[in-house]
Amino acid sequence: MLYKSLKNNKYIASFKEAVLFGQSPDKGLYFPEKIPLLEKKFFKNLSNFEVNDLMMEVIKPFIGNEIPYKELLNIISNTVNFKINLKKIYENFFSLELFLGPTMAFKDIGVKFLSGCIKYFCKQIKKNIIILTATSGDTGAAVANAFNKIDGVKVVILYPSSKISFLQEKQITTLGDNILALEIKGNFDDCQLLAKKAFYDEKIRKKLFLTSANSINIARLLSQIFYYFLCYKLLFKKKNNEKIIFSIPSGNFGNICAGLIAFKMGLPVKHFIAATNINDTVPRLLKSEIYNPYPTKETISNAMDIADPNNFSRIMYMFKHVKNLKKIFSAYSFSDQETINIIKFIWEKYKYMMDPHGAIGYLGLKKFYFDKKNFNYKNIFLATASPVKFLEKINKKLSDQILLNEKVKKLLKKTKKSIKLSNEYENFKNWLLTSNLDYKR
Ligand SMILES: *Cc1c(COP(=O)(O)O)cnc(C)c1O
């Protein structure tokens, strides 16, 4: 499979190049030249596949022979080495729990897969690779975990000081080794800007081999396609041509973009709902057909505090026009107060605890259900993070209901190690060039 730049079709990359460079030379996002349509036979058999084999079937067409079958299977089994549950909340409402991995958010899946690919490609090049990534919390945690102690890889994570949750900060700053945590005085946008500038800085590029682990990386996007298929396996033991409705709590719109690719591959989805917090660029776009991001606002679902979603251009590329997109896709936004109220309500009524992101997914599902009177379908929201990660974001009475396991308790006691920097680019550049990141192998 080849990947083309969405800015200029003349930039074509192999899977390996798309993964290692992240973006095309013209700063465009890569996208598969063609989305493979899976065979009817595959869908008939879907419920019989083991989880690993299912992921293999779904992702293999995108990779071709760039990673040998055995290696790819190895990467996959390291990626999904934890459970993914489908929990019934009541009647036709279900939570797809994607947060049971090592850092307790769905990003573990995409990032772990990416790290496996990079580890494989790394052996073929002579240089050390520097993973440079800006995070609003969960990406940084998943990246630190997935790339820890990989030979030939150093990881630099930029996070906004005091704007990520307590547990997220511990996950990023306590591993040490090849993981360097830069605590930036500023917000997530500042961090992202620093990272973006560095990627296209000639002086830095001459010295360091930089790669991004952000959700623009095609390996992260493609590995997320699989759990939409898995959901059908979990939901239907035999018959699996029933259509279902998915609601996805969305920030950078990578997760929902993967869902839409699954749909294009033939998955019989009835409708997708993008649920956002008050950073509502996409819900407004669907109404006005004008893409007009406002400045980012802080919310309790901080992993979705993004006003200009990176992956949205991929979605528009697939559907060409808002009118086409709207046939399969709706978008709603919700406030912090609505989020807290619904967490409390669902806990009290069904004894099910949602995190602020998953809660927004549930709210989207509910709104669509009543707006469209679509009462006959199965409704699934993606639970993207464990409530444990966002304890301080909800009120004490509620958070006291959440039990901490031993692993979390241990993590909370570890000592944070970060490098504090201002948000000025020259400072950051200087640090990158003088920190001995390109150590000889
Ligand atoms: C990153 C993240 C999201 C948003 O996912 P996108 O792919 O950026 O839309 C939602 N919930 C949680 C918990 C996240 O970490």
Side-chain angles (χ1 to χ4, degrees), residues 3-9 23-24 26-35 37 215-216 218 221-222 224-225 228 243-297 299 301 304-335 338 357 360-374 377 379-382 384:
Y3 294 82
K4 62 181 170 195
S5 161
L6 292 189
K7 269 209 182 136
N8 184 341
N9 283 355
Q23 272 174 287
S24 64
D26 61 341
K27 304 187 191 183
L29 300 188
Y30 283 119
F31 201 74
E33 269 199 323
K34 199 171 141 238
I35 296 177
L37 194 63
S215 72
I216 52 169
I218 199 77
L221 185 69
L222 297 177
Q224 294 179 178
I225 296 171
Y228 291 90
K243 289 192 170 181
I244 63 186
I245 295 170
F246 282 107
S247 175
I248 296 103
S250 295
N252 241 335
F253 283 65
N255 205 359
I256 197 162
C257 181
L260 290 161
I261 295 174
F263 170 71
K264 294 271 183 188
M265 292 168 81
L267 195 70
V269 179
K270 170 75 184 163
H271 206 79
F272 288 95
I273 297 146
T276 73
N277 58 31
I278 52 170
N279 295 290
D280 61 349
T281 307
V282 173
R284 283 187 290 109
L285 165 78
L286 290 201
K287 281 196 197 119
S288 65
E289 299 196 8
I290 297 166
Y291 188 85
N292 177 26
Y294 299 153
T296 312
K297 298 180 203 88
T299 74
S301 45
M304 312 199 298
D305 290 353
I306 295 165
D308 188 4
N310 262 324
N311 280 294
F312 200 71
S313 59
R314 283 180 167 140
I315 294 177
M316 284 317 293
Y317 173 76
M318 275 191 283
F319 288 86
K320 307 297 178 224
H321 197 279
V322 173
K323 280 194 188 73
N324 302 332
L325 181 62
K326 272 161 96 169
K327 288 180 196 152
I328 184 83
F329 179 103
S330 299
Y332 305 112
S333 94
F334 301 95
S335 68
E338 289 171 292
H357 305 80
I360 286 182
Y362 174 79
L363 283 169
L365 213 47
K366 226 28 209 183
K367 183 154 175 59
F368 184 77
Y369 183 77
F370 285 117
D371 273 9
K372 302 282 189 266
K373 314 231 174 330
N374 264 322
Y377 297 95
N379 299 281
I380 319 289
F381 71 96
L382 270 49
T384 47

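What you see is a predicted model, and the numbers here were worked out from it, not measured in a lab.
Although no hydrogens or angles enter the test, the distance criterion places a donor-acceptor pair under 3.5 Å between the side chain of Arg314 and the main chain of Ile216. Remark: side-chain polar atoms of Asn311 are not paired, donor with acceptor, to backbone N or O of Pro309 under 3.5 angstrom. In this structure a side-chain-to-backbone donor-acceptor pair under 3.5 Å is present from Asn279 to Lys297. When atom types are taken as modelled, the side chain of Thr296 and the backbone of Asp305 share no donor-acceptor pair closer than 3.5 angstrom.
Considering every non-hydrogen atom in both Thr281 and Ala307, the closest pair reads OG1-O, 2.6 Å. The two residues Phe329 and Ile256 make their nearest non-hydrogen contact at CE1-CD1, 3.5 Å. Closest of all the heavy-atom pairs between Phe253 and Ile315 is O-CD1, 4.0 Å. Between Ser333 and Asp280, the shortest heavy-atom distance links the atoms CB-CB, 3.6 Å. Between Leu221 and Ala258, the shortest heavy-atom distance links the atoms O-CB, 3.6 Å.
Thr276 places none of its side-chain heavy atoms less than 4.5 Å from the side chain of Met304. For the pair Val269/Lys243, no side-chain contact is recorded, criterion being any heavy-atom separation below 4.5 Å from C-beta on.
Partners of Leu285 under the side-chain contact (heavy atoms from CB on, under 4.5 Å) rule, at least two apart in sequence or in another chain, are Tyr291, Phe312, Val322. Looking at residues two or more places apart in sequence or on another chain, you find no side-chain contact (heavy atoms from CB on, under 4.5 Å) involving Leu37. Residues passing the side chain to side chain donor-acceptor pair (under 3.5 Å) test with Glu338, sequence neighbours excluded: Ser335. The ring-ring contact (aromatic ring centres under 6.0 Å, His included) check on Phe272 picks up nothing, with sequence neighbours excluded. Remark: Asn310 pairs with no residue by the side chain to side chain donor-acceptor pair (under 3.5 Å) rule, at least two apart or across chains. Listed by chain and residue number, Asn277, Thr299 satisfy the side chain to side chain donor-acceptor pair (under 3.5 Å) test with Ser301 (two or more places apart in sequence, or in another chain). Scored by the side-chain contact (heavy atoms from CB on, under 4.5 Å) test, Ile35 finds Phe31, Ile261, Lys264, Met265, Met318 as partners (sequence neighbours excluded). Contacts of Phe334 classified as ring-ring contact (aromatic ring centres under 6.0 Å, His included), with partners at least two apart in sequence or in another chain: none. Remark: Asp26 pairs with Ser5, Ser24 by the side chain to side chain donor-acceptor pair (under 3.5 Å) rule, at least two apart or across chains.
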Going through the distances and angles, do Ser250 and Val282 end up as a side chain to side chain contact (heavy atoms under 4.5 Å, CB included)?
CA-CA 10 Å; Ser250 295; Val282 173; over 6 Å; no
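To the nearest 0.5 Å, atom OH of residue Tyr228 and atom CG of residue Leu260 are 7.5 Å apart. Phe263 contributes atom CZ, which lies 6.0 Å from atom CZ of Phe319 (distance to the nearest 0.5 angstrom). Interatomic distance, CG of Leu6 versus CD of Gln23, reported as 10.5 Å (0.5 Å rounding). Rounding to the nearest 0.5 Å gives a distance of 7.0 Å between CD1 of Ile273 and CG of Asn379. For the atom pair Asn255 CG and Ile225 CD1, the distance stands at 11.0 Å (nearest 0.5 Å).
Within the structure, side-chain hydrogen bond (donor to acceptor under 3.5 Å, both in side chains) contacts touching residues 315-331 (residues at least two apart or in different chains) are Lys4-Tyr317, His271-Ser330.
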Show every donor-acceptor pair shorter than 3.5 Å between a side-chain atom in residues 360-369 and any protein atom, with sequence neighbours excluded, or say none if there are none.
{"unit_1": "Tyr362", "atom_1": "OH", "unit_2": "Tyr90", "atom_2": "OH", "d": "2.5"}
{"unit_1": "Lys366", "atom_1": "NZ", "unit_2": "Tyr90", "atom_2": "OH", "d": "2.8"}

